Amino acid sequence: MPRRKPLRLILGDQLNENHSWFKHPDKHVTYVLMEIRQETDYVTHHIQKIAAFFAAMRAFAERLREQGHRVVYLKLDDPQNRQTIADNITDLLRQKKFTHFEYLLPDEHRLDLQLRKLAETLPVPVQAVDTQHFLTERQELKEFFAGKKRYLMESFYRWMRKRYDILMDKDKPFGGKWNYDQKNRQAYDHQVAVPQPLFFDNDVSDIVKTIRKKKVATIGEIQPAKLIWPTTRAQSLDLLKSFVDDFLPAFGTYQDAMTGANWYLFHSRLSFALNTKILHPLEVIEAAIKAWEKKSSKIEIQQIEGFVRQILGWREYMRGIYWTLMPDLAAMNYFDHQAALPEFYWTGETLMSCQRAAIGQSLMHAYAHHIQRLMVTGNFALLAGVDPVAVDEWYLGIYIDAIQWVELPNTRAMSQFADGGQVATKPYISSAKYIHSMSDYCDTCEYDWKRRHGDMACPFNSLYWDFFNRHRRRLQKNPRVGMMYRTWDRMDSGEKKRVLKQAGAYRKNVNHL
Ligand SMILES: Cc1cc2nc3c(=O)[nH]c(=O)nc-3n(C[C@H](O)[C@H](O)[C@H](O)COP(=O)(O)OP(=O)(O)OC[C@H]3O[C@@H](n4cnc5c(N)ncnc54)[C@H](O)[C@@H]3O)c2cc1C
Ligand code: SF4
């Protein structure tokens, strides 16, 4: 019998060094990683995102080689690179006479389909293997909520806490409460100084040169000699340590806060390391819990619970939602929104100080934290009636951590309510009042956060009421928004007219706000 000689594919977000594949080097097994136009071009990505992915993939390939594994690495400009997974795999199988093709299960529906289709055409046996990264299986959330109309994150989260015995006191939540969300909503009051962040100085000049030479369309800024994102496991572990030592003690308190003075506040900036699978979610949770146990006098329960909820709860929940609702999710548009994405999303050039800050830092650092994504850029896009396809493309391109399995449920379901409320119980929209209470953006804004109409009235205010007015049929029966209709109905008819007129003018002039 001829010797088994498999070719194993590793995608750019599958850099899990601790996967059982890599336990023992085997000279008959070859791994392949590839930088391909198929992936650089399916949306317009931030330049830092492409550079960070390629740098992390190159470092991973190098690490495997050091450990004695055989690796084929196709750079973007390698002449033999055919620029799609299918063409490269087909070529390699033919040229090197591999006997089997094996791949790690992709997390995106698009790639899942593509690889399954490819498998049908290949002349060798094909096997798909788990990535050994997530804490739930693809279909588990669907099974957990079988027969239910809504997928409530809180019940899923409690189940995960019990299942993994995290922050539990026998069968009760540690501290007596499952959730300290009420204590996670403080504006930044400068009472705690933001610690010195750990940024890396990764030199990705070569990669950037190739991206430019190959004319890959990108957005955003980069300092090629100083990419701040972690691209190796050692750097990712250092970032984790810096977070649990210095940032965790105030993480929960200021989780929803926004300030023009600082773009990351107490957030971990671990999403790239997590989403590329360089770090495992359980090791991140365990590191945080260990730090909390060691310094429980300094780290209150709401800090650690707030952090655990994001990873054990939200992250796994979003993945489950993705596999439950795909492929339909990618076409949902509950409000039938059709407007184009305002041009300032690509430039940050707007008089709205909150948008300028959130978009500006996204272009500069490929990063905005959750509340900026949800309550500034997402909120505005929903109020302005932007087509969710355009909103998705923007989020999928601009963020360092954007991969469809996590971007789409967050954007389309959570932020744009395009699923009609299967995930969120009400649309995440607000007037200027919320942004004013959670940030200092309004202090420096040319718009007046208190005005609904008239000279320099904040656009969020009139668009907010206009949204409720336009979508009355779809929303007024929702018990969580009924009160807003009662307020609107009580408003003087002249005032209502002025608000709607203002909103109409803003929507017409949306590119120049
Ligand atoms: C419209 C919109 C789009 C988003 N797109 C993405 C995306 O493409 N990729 C992505 O990883 N996250 C996305 N998120 C979730 C969240 O904003 C980011 O995970 C977070 O900002 C990453 O920064 P951080 O690592 O500093 O997070 P921290 O605030 O430090 O949180 C720790 C970790 O918790 C996880 N987490 C927190 N919130 C969520 C959430 N809602 N869903 C999934 N995981 C979560 C992340 O892994 C994160 O690294 C999106 C949120 C919104 C509202
Ligand atoms: S006034 Fe309005 S536009 Fe300006 S920062 Fe506040 S919420 Fe944003």
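Counting starts at 1 for both ligands and their atoms, in listed order. Predicted, not measured: the structure shown is a model, and the values here were computed from it.
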For [X], take its heavy atoms, then give the atoms of ligand 1 lying under 4.0 Å from any of them.
{"X": "F307", "answer": "32 (C)"}
{"X": "R315", "answer": "43 (C), 44 (N), 47 (O)"}
{"X": "V406", "answer": "7 (C), 9 (N), 10 (C), 11 (O), 12 (N), 43 (C)"}
{"X": "Y395", "answer": "1 (C), 3 (C)"}
{"X": "L374", "answer": "53 (C)"}
{"X": "H369", "answer": "21 (O)"}

Answer side chain, backbone, both or neither: which part of [X] comes under 4.0 Å from ligand 1, heavy atoms only.
{"X": "M318", "answer": "side chain"}
{"X": "L274", "answer": "side chain"}
{"X": "F243", "answer": "neither"}
{"X": "F251", "answer": "side chain"}
{"X": "N275", "answer": "side chain"}

What residue and atom, counting heavy atoms only, is the protein's closest point to [atom], and at what distance?
{"atom": "atom 33 (C) of ligand 1", "result": "I311 CG1, 3.7 Å"}
{"atom": "atom 5 (S) of ligand 2", "result": "C354 N, 3.5 Å"}
{"atom": "atom 4 (Fe) of ligand 2", "result": "C445 SG, 2.3 Å"}
{"atom": "atom 6 (Fe) of ligand 2", "result": "C442 SG, 2.4 Å"}
{"atom": "atom 16 (C) of ligand 1", "result": "H370 ND1, 3.5 Å"}
{"atom": "atom 20 (C) of ligand 1", "result": "R373 NH2, 4.1 Å"}

### Message
Quick check on M414 - does any of its heavy atoms sit under 4.0 Å from an atom of ligand 1?
### Response
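It does not, in that no heavy atom of M414 comes within the 4.0 Å cut-off of ligand 1.
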Under 3.5 Å, is there a donor-acceptor pair between the side chain of [X] and the main chain of [Y]?
{"X": "N461", "Y": "W449", "answer": "yes"}
{"X": "S242", "Y": "D238", "answer": "no"}
{"X": "T218", "Y": "H46", "answer": "no"}

Any chance the rings of [X] and [Y] have centres within less than 6.0 Å?
{"X": "Y264", "Y": "F199", "result": "yes"}
{"X": "F251", "Y": "F266", "result": "no"}
{"X": "W159", "Y": "F144", "result": "yes"}
{"X": "H369", "Y": "Y367", "result": "no"}
{"X": "Y428", "Y": "Y434", "result": "no"}

### Heteroatom N/O/S of H436 within less than 2.8 Å of atom 8 (Fe) of ligand 2
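No.
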### Message
Using a 4.0 Å cut-off to any heavy atom of C458, which atoms of ligand 2 qualify?
### Response
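Close to C458: 1 (S), 2 (Fe), 3 (S), 7 (S).
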### Task
Before accepting this row, confirm whether a basic side-chain N of the pair R233/E283 lies closer than 4.0 Å to the acidic partner's carboxylate O.
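Judged by the 4.0 Å cut-off on N to carboxylate O distance, R233 and E283 do form a salt bridge.
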### Query
So is K177 actually on top of Y180's ring, under 6.0 Å and inside 45° of the axis?
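Geometry flag: set, cation within 6.0 Å and 45°.
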### Query
Are side-chain N/O atoms of E154 and N179 paired as donor and acceptor at under 3.5 Å?
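Result is yes, a qualifying pair exists.
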### Message
Judged on heavy-atom distance to atom 26 (O) of ligand 1, which of Y367, Y264, F266 sits nearest?
### Response
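Heavy atom nearest to atom 26 (O) of ligand 1 belongs to Y367.
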### Task
Run down the list G397, A368, S268, G378 and name the one with the heavy atom closest to atom 27 (O) of ligand 1.
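Comparing heavy atoms across G397, A368, S268, G378, the nearest one to atom 27 (O) of ligand 1 lies in S268.
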### Task
Give the intermediate values and the outcome of side-chain contact (heavy atoms from CB on, under 4.5 Å) for residues T232 and I278.
CA-CA 7 Å; T232 63; I278 294 175; over 6 Å; no
